[in-house]
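We number each residue from 1, following the sequence as shown.
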Amino acid sequence: MESSSVNDELTFIEICDLHGRTFGKNNKTLIDRIDKIDPDFICVTGDVFTRNDEQGRAIAEDLLEILAQRYRVFFVRGEHDGDKSFLNHIENCGVQVLAYDKQEITVKNTTVDIYGVSTVNYSESYNLFNEFEKPDEGHYNILMAHVLNPKAFADFGADLTLSGDTHGGQVRLPVIGPLIYDGIWFPKYNYQGDMYDKGLYEVDGVKMFVSSGLGSYPYPVRFFNRPEIAVFRVKPN
């Protein structure tokens, strides 16, 4: 991607929906992949473990602690991982938890504003301007939220919105696409409205990315839908 708001190339990643899964012993395979990318920072968009899964929680805590020792890590909660003791724990490990917060960072000669939304359910009148001022067009603006709200996020106008939650449908079939989306089976034929199940979208000129995530829930299965570390490289235009 290109942006007039960056002065140097930015490299960052999004991970989400781990749901307590491991990739190699102690997630070594996952960590090695991230180290090869060597991102300027990491955005974690929630559901790193499944509610009431203590083993999965410990896996998520260990992973985030290791990543925070190496990189700047920003986190927003999902439906499962909003427990206060968990959030306090990862904050103590150096993870920056964003719950309707903005964090301004500098990467080389570029200012990046990272906004974090902790909401996972939205009302019809939901409006981010109740919480934040208009994004600074001279900065590169990233909005993180576990669940995508296309209209409200387009109105806000960040350069890039990062979300997850859908797992990309977990099971995807040729031609048919995701098996389920927003609770609707075979959504290509049955869903009313626009689908944002996986990948990069543009809504009213605003870029939005929906990650298919790393883990699975409620069923431990993926098909034609590999686990994903989303890598973003933004260059000056």
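We find that Asp32 and Lys36 are not joined by a salt bridge, their nearest charged nitrogen and carboxylate oxygen being 4.0 Å or further apart. A salt bridge does not link Asp159 with Lys207: every distance from a Lys NZ or Arg NE/NH1/NH2 to an Asp or Glu carboxylate oxygen is 4.0 Å or more. Arg172 and Asp197 are joined by a salt bridge, as a carboxylate oxygen and a charged side-chain nitrogen come within less than 4.0 angstrom of each other.
For Asn52, the CG atom sits in a loose shell: 12 or fewer heavy atoms of surrounding residues, nucleotides or ligands are nearer than 6.0 Å. Other residues, nucleotides and ligands contribute only 12 or fewer heavy atoms inside 6.0 Å of the CD atom of Glu133. No more than 12 heavy-atom neighbours from other residues, nucleotides or ligands sit within 6.0 angstrom of CD on Gln55. Around atom CG of Asn7, more than 12 heavy atoms belonging to other residues, nucleotides or ligands sit under 6.0 Å away.
If you check the side chains of Tyr196 and Ser163, you find no donor sitting under 3.5 Å from an acceptor.
By the side chain to side chain donor-acceptor pair (under 3.5 Å) test, Ser85 pairs with Arg57, Asp83, sequence neighbours left out.
Ring geometry for Tyr140 versus Phe12: interplanar angle of 30 to 60°, hence tilted. Classified by interplanar angle (parallel below 30°, tilted 30° to 60°, perpendicular above 60°), the ring pair Phe156/Phe132 is tilted.
With ring centers used as reference points, Phe209 lies under 6.0 Å from Phe232.
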